[in-house]
Amino acid sequence: MNDDRIPTLAVWKFASCDGCQLTLLDCEDELLGLAERVRISHFLEMSGAEGSGEGEAATLAGVGPYDLSLVEGSVTTAEDAQRIRRIRQISRRLVTIGACATAGGVQALRNFADVAQFRAAVYAHPEYIATLATSTPISAHVPVDFELRGCPIDRRQLLEVITAYLAERKPNISAHSVCFECKVRGTTCITVAHGTPCLGPVTHAGCGAICPAYDRGCYGCFGPSNSLNLESMVRQLKHDGMNDQDVMRVFRTFNAASPEYAALPTLTGQDAAAEEEAR
Amino acid sequence: MSAPMAPAADDAVIGREGLAALVDVLRARGFTVIGPTVRGGAIVLDELESAESLPYGWGVELEAGQYRLRERADGAAFANAAGPQSWKTFLHPARVRQWRAERSDGQLTFETDDTPPPRFAFLGVRPCDLRAIAIQDRVLATGRHADPVYQGRRSGAFLVSVECTEPGATCFCVSMGTGPAAGPGYDLVLTELADEGGHRFWIRSGSPEGAEVLAELPGRIADDAIREAAREGVSAAADRMGRAMPSVDLHRLMAGTLEAPRWDDVASRCLTCGNCTMVCPTCFCTTTEDVTDLTGDHAERWRLWDSCFDLDHSYLHGGPVRPSSRSRYRQWLTHKLGTWYDQFGSSGCVGCGRCIVWCPVAIDITEEAAALHDWANRPADNGAAPE
Ligand code: SF4
Ligand code: SF4
Ligand code: SF4
Ligand code: SF4
């Protein structure tokens, strides 16, 4: 096989837990086939790839150019903000993987609080910590070709994105609700049959509706669907026994900073409560 | 009740052992028997290996957005209205592979799936669902766009209908003219009786194959007493409908209310989650997905259930035609109750109530239609200033 014609793949890490990158290593059965189709040129999680033995600059920004860059994690430092620009420059296609890269991740909770306070509470020497006040998705910094959802991402969906890239077609990734997947799977709706609060109706499909299949309400780890009615969902969650704070908490997890959830404080009366406190 | 009945009998009475024999006879004839059974807090449809799995002693309490199982003292198997699935799960499956393609040495070969379709016997087809199957037949089994997957599964199917004696609070078949007595289309039909007289079923055949099966069942000849008791049970059910569709020309109502403010009202509640269409026994929309493997040498086309509530369902070049939830709910309702008549000559709704029960936010098709009707009949605006 002519090695030159094999597309190159790079995997990048920003602020994240590495879980989404591990999903790639988790593709055990497909990994060999994948390695025949793409040259994995930069992947720190996997040793032996280019960059791992080289200088600092190559390790952090790679040398490129790469045909496909998968980016995990959010931007939380000034250096990260620089590095993602460089990565964009050396990548033909850039795909973000997971809630951190796509929405800022759970670390975006800082966006709603005072990061200096966190820093002082957590670190013995807060003066050594250089961090931005916010955790932002990759798309806030550079143009992104595709965003793959989930915390962590789904293995089949990752393979689909890479396969679609190789075939030069659009990935088959639906942006509708998790409810579609419950129905295809034959899961009886747990909201209707058991009264369990479930975020499925406003949550982006992709996981295969795992949680409801195990009698647990969806908690939105794939983030907002492409058509959500937050106000009606909040009303329903409260009808199913959640209070305003519960509702706020369940949305403020992996995709806390999703702009689609911006109306939450108003819908749950939490902004009024905060105002009251401030007075 | 023991010896098989004379083949000539076209109606009979069977007991629980007769029902057990029915499942066994159908299985022995090579059918995959699908029927109601309790799983995950609901009465779902699944393969029955024996009649033991039927939901004996289980009823349901239905409301908009709510479904609860309730135990019943009478041990009845069919005293429960429509559950979370319909028969389209089997006749028009959620995922179907339509073809495969292989590429080798620059040659493409296409292969369609020619595995013979399963032969289903459906036990417990409610009158509303019997009509729903007839409606899907009209859409999927006939005409220029007949679907071979549906045709294959449908043509060999054996339908055992069960009339309704215990309608749910969300049922409105009477106002849609589809129940609670069974219309045509069944191979066998049962009416269940569970009272002082014991647990028994009045059974009739509706086809030659149904008559053959009936002749193999242990039971006794029917008499007028049982016929009358069964008919009474069904007509009493007609008086206990939980809901009703407004008795107006629905086709006209839909066409005349396209600008009603009610659409904004329902849009403020609708989550566009798609549950209503997927539980509806007549909704048939699908989308296709082409998948390839990593090598690109193997491709498959899959067909999947789709819904008019999905934003991408109306996606054309440049964007979706129905971007708002208002336009999508309106599309659903006006198709179901209005333009379905233009397309297929009947209503697209049979009054099963599933979309009401399985809507997480309790949107009720009968209530929406009634609100539109009220709006259409609002006192004429004569231009006078309000007092
Ligand atoms: S369990 Fe949740 S995700 Fe599944 S259909 Fe019900 S509301 Fe939707
Ligand atoms: S059901 Fe919801 S919370 Fe569970 S894996 Fe899927 S998207 Fe995440
Ligand atoms: S529209 Fe609703 S009530 Fe009518 S057939 Fe469909 S699911 Fe049943
Ligand atoms: S009417 Fe109900 S079930 Fe249908 S899409 Fe809207 S919220 Fe979902």
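Convention: sequence-line order gives letters A, B, ...; per-chain numbering from 1.
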Give a yes or no on whether A:Leu32 atom CG has more than 12 heavy-atom contacts from other residues, nucleotides or ligands under 6.0 Å away. no

Would you say that A:Leu166 contacts B:Leu294 through its side chain, given a criterion of any heavy-atom pair below 4.5 Å between the two side chains? yes

By a 4.5 Å heavy-atom criterion (distance strictly below it), what part of B:Val44 contacts chain A: side chain, backbone, both, or neither? side chain

Greatest number of heavy atom pairs closer than 4.5 Å to chain A - which of B:Leu45, B:Val291, B:Leu304: B:Val291

Which bit of B:Ala267 is near chain A, if near means a heavy-atom gap under 4.5 Å: side chain, backbone, both or neither? backbone

Heavy-atom donor-acceptor pairs under 3.5 Å, chain B with chain A:
| unit_1 | atom_1 | unit_2 | atom_2 | d |
| --- | --- | --- | --- | --- |
| B:Gly40 | O | A:His194 | NE2 | 3.1 |
| B:Tyr67 | N | A:Val192 | O | 3.0 |
| B:Arg68 | NH1 | A:Val192 | O | 2.7 |
| B:Arg68 | NH1 | A:Ala193 | O | 3.1 |
| B:Ala267 | O | A:Asn229 | ND2 | 3.3 |
| B:Ser268 | O | A:Asn229 | ND2 | 3.0 |
| B:Arg269 | O | A:Ser232 | OG | 2.6 |
| B:Cys270 | O | A:Asn229 | ND2 | 3.0 |
| B:Thr272 | OG1 | A:Ser227 | O | 3.1 |
| B:Thr272 | OG1 | A:Ser227 | OG | 2.7 |
| B:Cys273 | O | A:Ser177 | OG | 2.9 |
| B:Asn275 | OD1 | A:Lys183 | NZ | 2.8 |
| B:Asp290 | O | A:Asn172 | ND2 | 2.8 |
| B:Thr292 | OG1 | A:Arg169 | NE | 3.1 |
| B:Thr292 | OG1 | A:Arg169 | NH2 | 2.9 |
| B:Asp310 | OD2 | A:His176 | ND1 | 2.8 |
| B:Arg328 | NH1 | A:Ser227 | OG | 3.2 |
| B:Arg328 | NH2 | A:Ser227 | OG | 3.3 |
| B:Pro360 | O | A:Gln236 | NE2 | 3.1 |

Verdict with supporting geometry, B:Val357 and A:Val192, side-chain contact (heavy atoms from CB on, under 4.5 Å): CA-CA 7 Å; B:Val357 175; A:Val192 170; 4.0 Å; yes

So for B:Val60, is it side chain, backbone, both, or neither that comes closer than 4.5 Å to the heavy atoms of chain A? neither

What part of A:Leu34 is in contact with chain B, defined as an atom under 4.5 angstrom from a non-hydrogen atom: side chain, backbone, both or neither? both

Pick one of side chain, backbone, both or neither for A:Ala167, based on which atoms fall under 4.5 Å of a heavy atom in chain B. side chain

